[in-house]
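In this chain, numbering begins with 1 at the start of the sequence shown. This one's a predicted model, so the numbers in the text were calculated from it and none came from an experiment.
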Amino acid sequence: MSWLEQARELAAQGQVGSAIDLLERAVAMGEEDAELCKEIARMCLGINEVRAFANWCHEAIRINPADGEPYLMMARELVAKRRWVEAAETLEHALRCAVLPQSMLVEANELLARVEIEVSHLQQHRPGFSNL
């Protein structure tokens, strides 16, 4: 059974902390895999460890800069927090990546359209609000 399968099994049993520890050990042992990092990020977000979530997304990007999914993952969180300008920048990075499945590409474009509307609204109603 792979590291990822073992961790997902632990998480399904409610042992998310143990699942994260397992994947972190795998990475520490030299298993530099963007998929492991993205899974750790997802698990961290699931237990509201937002800083760890962002760190693991950045690690996934370092390992595979062509993968747009970690950017999209971060953008979703930024949108949820209404951090529109950062979300727009992150989505633009996602859309420039070589690897972004069609469904994620559609989602990224839809999110970017929403974010651009929100930024435009802020610009109209808050004098001095900086442009993208």
Side-chain angles (χ1 to χ4, degrees):
M1 184 180 295
S2 74
W3 293 102
L4 203 50
E5 292 168 335
Q6 290 177 52
R8 286 178 177 158
E9 189 172 300
L10 285 168
Q13 296 169 5
Q15 300 176 49
V16 177
S18 295
I20 292 170
D21 289 344
L22 177 70
L23 292 177
E24 286 178 341
R25 279 197 315 267
V27 172
M29 292 172 37
E31 295 289 328
E32 282 208 344
D33 183 312
E35 291 304 316
L36 291 179
C37 295
K38 290 188 294 188
E39 190 64 26
I40 297 170
R42 286 184 198 96
M43 289 180 182
C44 288
L45 188 59
I47 58 170
N48 204 30
E49 290 289 337
V50 178
R51 185 169 296 218
F53 161 76
N55 289 340
W56 283 107
C57 285
H58 287 291
E59 184 65 8
I61 291 165
R62 183 192 66 76
I63 293 169
N64 185 3
D67 186 356
E69 185 178 9
Y71 288 111
L72 181 57
M73 292 166 62
M74 289 188 296
R76 289 178 189 131
E77 183 63 16
L78 291 166
V79 166
K81 293 186 187 260
R82 304 176 61 88
R83 292 169 56 183
W84 306 118
V85 174
E86 292 168 275
E89 292 168 353
T90 305
L91 287 163
E92 287 168 359
H93 282 292
L95 291 167
R96 285 194 298 264
C97 289
V99 179
L100 197 61
Q102 183 62 32
S103 63
M104 290 182 193
L105 182 62
V106 169
E107 179 186 0
N109 278 308
E110 289 172 352
L111 277 175
L112 185 57
R114 175 181 171 203
V115 166
E116 288 172 342
I117 290 168
E118 294 292 342
V119 169
S120 176
H121 182 267
L122 286 171
Q123 288 170 335
Q124 291 173 2
H125 294 90
R126 287 194 183 164
F129 184 81
S130 65
N131 200 353
L132 292 175

Fill in the blank from the handout: Taking every heavy atom of A54 against every heavy atom of M74, the minimum-distance pair comes out as O-SD, 4.3 Å
Handout entry: Shared hydrophobic cluster for W3 and L10 (ILVMFWY, side-chain gaps under 4.5 Å)
Key = yes
Exercise for the section: Just grab all the ring pair (Phe, Tyr, Trp, His ring centres under 6.0 Å) pairs involving residues 57-80, residues at least two apart or on different chains. Expected result: Y71-H93
Distance-only check: which donor-acceptor pairs under 3.5 Å involve side-chain atoms of residues 42-51, not counting sequence neighbours?
| unit_1 | atom_1 | unit_2 | atom_2 | d |
| --- | --- | --- | --- | --- |
| R42 | NH1 | E39 | OE1 | 3.1 |
| R42 | NH2 | E69 | OE2 | 2.7 |

Problem - 4.5 Å side-chain heavy-atom contact, V27 and W56 - result: yes
Practice task
Would you check if L36 and I63 make a side-chain contact, meaning some heavy-atom pair closer than 4.5 Å?
Solution key: no
Exercise for the section: Return the minimal non-hydrogen interatomic distance between L100 and A94, and the atom names on each side. Expected result: CD2-O, 3.6 Å
Handout entry: Close side-chain approach of R82 and W84, heavy atoms under 4.5 Å
Key = yes
Exercise for the section: Check each of L78, L72, L111 against T90 using the side-chain contact (heavy atoms from CB on, under 4.5 Å) test, and report the only one that passes. Expected result: L78
Problem - Min side-chain heavy-atom separation E107-R76 under 4.5 Å - result: yes
Handout entry: Nearest-0.5 Å distance that lies between atom CG in L95 and atom CE in M104
Key = 12.5 Å
Practice task
Indicate the atoms forming the closest heavy-atom contact of A11 with A19, along with that distance.
Solution key: N-CB, 4.0 Å
Practice task
Answer whether the closest heavy-atom distance between the side chains of E116 and V119 falls below 4.5 Å.
Solution key: no
Exercise for the section: Indicate if V106 and I117 have the same hydrophobic cluster label, given that clusters are the connected sets of ILVMFWY residues with side-chain heavy-atom separations under 4.5 angstrom. Expected result: no
Problem - From E92 atom CD to C97 atom SG, the distance as rounded to the nearest 0.5 Å - result: 12.0 Å
Problem - Flag side-chain contact, heavy atom, 4.5 Å: E59 against N55 - result: no
Problem - Shared hydrophobic cluster for L105 and M73 (ILVMFWY, side-chain gaps under 4.5 Å) - result: no
Practice task
State whether E77 and K81 are salt-bridged, where the test is any N-O pair (Lys NZ or Arg NE/NH1/NH2 against Asp/Glu carboxylate O) under 4.0 Å.
Solution key: yes
Problem - Inter-residue atom distance L4.CG - K38.NZ, 0.5 Å rounding - result: 10.5 Å
Completion exercise
Output for pair (R96 CZ, L91 CG), nearest 0.5 Å, gives 11.0 Å
Handout entry: Single hit among D67, L23, N64, I40 for side-chain contact (heavy atoms from CB on, under 4.5 Å) with E35
Key = D67
